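Below is one structure, written out as structure tokens; comments come after it.
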Amino acid sequence: MTTTILIIEDNAELRDFLQICLQAEHTVLEASNGKAGWNTAVNELPDLIITDLMMPEMDGNEFCRQLKNDVRTSHIPVIMLTAQTSIDQQLEGLESGADVYLTKPFSVKVLQSYVKNLLRLKESQRQHFSQKIFLEPTQTEVGTVDKKFMERLMEVIEANMNNPEFHVSALAREVGMSTAVLYKKFNALAQTPIGEFIKSLRLKKAALLLRNDKFNIAEVAWEVGFNDRKYFSKEFKKFFGQTPSEYIAG
């Protein structure tokens, strides 16, 4: 899968140079200042952002703070480029949320190495998140903003568990995102599609209900939003490796 990198740099010559260095392995987007970069980041949700520190309209620190505190973009790693070399300035950049602070002039090979390592780390975290999300969705090890995002998803899905008409578009409305942004955001965190995640929560709730002997299989299916018992049994077996009847028998 091709990764997308957003370059935010007001110096056109440097921006073009960075694009040339990265375009062989990545899709590269460009913005000439922090404000334009913010709009692109929100609309495109790139895999990584390289931003300059000193820019008109919105500097790199302000941009980074806004990015890391917005639920739509909080997961995106940032490399900050600057000619400022003091320790205090570097600390400010890192405290704003930048993952890497790289001073100019910089080695292209070092930049490419940072890009590769951050993307590799992001993918590793995504794999780990995908495995853990089916076990303990609210206990996933993600940043505070993303953890709150997951908790909100769980809350909304639980409240609509028995509604067969509740799908991704309805979830997106409830959490205040477009459907496209929700798909991209969840895909950036996990390898599992958001629709499959909703289904997995329905099926795990079904397993709990089947164990307590209060409902028959058809009633359990209805309680977790399946209005077709055959489809419910098929999906249950696919997820747990047993039919609902086999699961009850233990």
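Throughout, numbering of the chain's residues begins at 1 and tracks the sequence. This is a predicted model, so every value here is computed, not measured.
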### Query
Aromatic rings F240 and Y247: how do their planes relate, parallel, tilted or perpendicular, breaks at 30° and 60°?
tilted

### Query
Quick one: are L6 and I8 in side-chain contact, heavy atoms under 4.5 Å?
yes

### Message
So, using side chain to side chain contact (heavy atoms under 4.5 Å, CB included) as the criterion, who are the partners of T4 when residues are at least two apart?
### Response
T27, L29, P46, D47

### Enclosure of E25 CD (heavy-atom neighbours >12, cutoff 6.0 Å)
no

### Query
With no hydrogens and no angle check, do the side chains of S74 and K185 hold a donor and an acceptor under 3.5 Å apart?
yes

### Expected output: side-chain R120 to main-chain V115 donor-acceptor under 3.5 Å
no

#### Entry: R15 and D10 ion-paired at < 4.0 Å
no

### Message
According to a hydrophobic-cluster definition based on side-chain heavy atoms being under 4.5 Å apart (Ile, Leu, Val, Met, Phe, Trp, Tyr only), do V110 and L22 belong together?
### Response
yes

### Distance-only polar pair, side chains of E196 and Q191, donor-acceptor under 3.5 Å
no

### Task
May I ask you to check whether over 12 heavy atoms, not counting those of K35, lie within 6.0 Å of atom NZ?
no

#### Entry: Salt bridge present between R152 and E155 (N-O < 4.0 angstrom)
yes

### Message
Any salt bridge linking E219 with K214? Criterion: basic side-chain nitrogen under 4.0 Å from a carboxylate oxygen.
### Response
no

### Query
So, are R65 and E62 salt-bridged, with charged N and O less than 4.0 Å apart?
no

### Query
Is E13 close to D16 at the side-chain level, that is, under 4.5 Å between some pair of heavy atoms?
no

### Message
Quick check: is I194 connected to L45 through a chain of hydrophobic side chains (ILVMFWY, heavy atoms under 4.5 Å apart)?
### Response
yes

### Message
Between R72 and V42 (side chain of the first, backbone of the second, donor and acceptor by atom type, cut-off under 3.5 Å), is there such a pair?
### Response
no

### Message
Please say yes or no: joined through hydrophobic side-chain contacts below 4.5 Å, possibly via intermediate residues, are F149 and V145 part of one cluster?
### Response
yes

#### Entry: Stepwise side chain to side chain contact (heavy atoms under 4.5 Å, CB included) check, T144 with K148
CA-CA 6 Å; T144 303; K148 288 180 179 177; 4.0 Å; yes

### Task
Determine yes or no for a side-chain-to-main-chain donor-acceptor pair under 3.5 angstrom, with S124 supplying the side chain and L121 the backbone.
no

### Message
In the structure I gave you, are the side-chain heavy atoms of W222 and N162 within less than 4.5 Å of one another anywhere?
### Response
no

### Query
Side chains of F215 and L210: does their closest heavy-atom pair fall under 4.5 Å?
no

### Task
Measure from the side-chain N and O atoms of Q112 to the backbone N and O of C21, and report whether any donor-acceptor pair falls under 3.5 Å.
yes

### Query
Should L171 and F166 count as side-chain neighbours, where that means a heavy-atom distance under 4.5 Å?
yes

### Message
Whether K238 and E235 form a salt bridge (side-chain N of Lys/Arg under 4.0 Å from carboxylate O of Asp/Glu) is what I want to check.
### Response
yes

### Message
Please say yes or no: joined through hydrophobic side-chain contacts below 4.5 Å, possibly via intermediate residues, are L81 and L48 part of one cluster?
### Response
yes

#### Entry: Cluster check L119, M80: I/L/V/M/F/W/Y, side chain < 4.5 angstrom
no

### Task
Verify, without hydrogens or angle tests, whether T73 (side chain) and L67 (backbone) share a donor-acceptor contact under 3.5 angstrom.
yes

### Query
Can you check whether Q66's main-chain N or O pairs, donor with acceptor, with D70's side chain at less than 3.5 Å?
no

### Query
Are any non-hydrogen side-chain atoms of V100 and V78 less than 4.5 angstrom apart?
no

### Summary
Between the CG atom in N43 and the CG atom in N39, the distance rounded to the nearest 0.5 Å is 6.5 Å

### Query
From K237 NZ over to E246 CD, what is the distance, rounded to the nearest 0.5 angstrom?
6.0 Å

### Task
Check for a donor-acceptor pair, side chain of N33 on one end and backbone N or O of A36 on the other, with a separation under 3.5 Å.
yes

### Query
Any side-chain heavy-atom pair from L182 and L153 closer than 4.5 angstrom?
yes

### Message
Using a 6.0 Å cut-off, check whether atom CZ of F17 has over 12 heavy atoms from anything other than its own residue.
### Response
no

### Task
For the residue pair Y231 and F226, categorise the inter-ring angle as parallel (less than 30°), tilted (30 to 60°) or perpendicular (more than 60°).
tilted

### Message
Contact between F197 and M154 at the side-chain level, heavy atoms closer than 4.5 Å - yes or no?
### Response
yes

### Ionic contact status for D228 with K230, cut-off 4.0 Å
no

### Task
State whether the side chain of D52 and the backbone N or O of M55 hold a donor-acceptor pair below 3.5 Å, judged by distance alone.
no

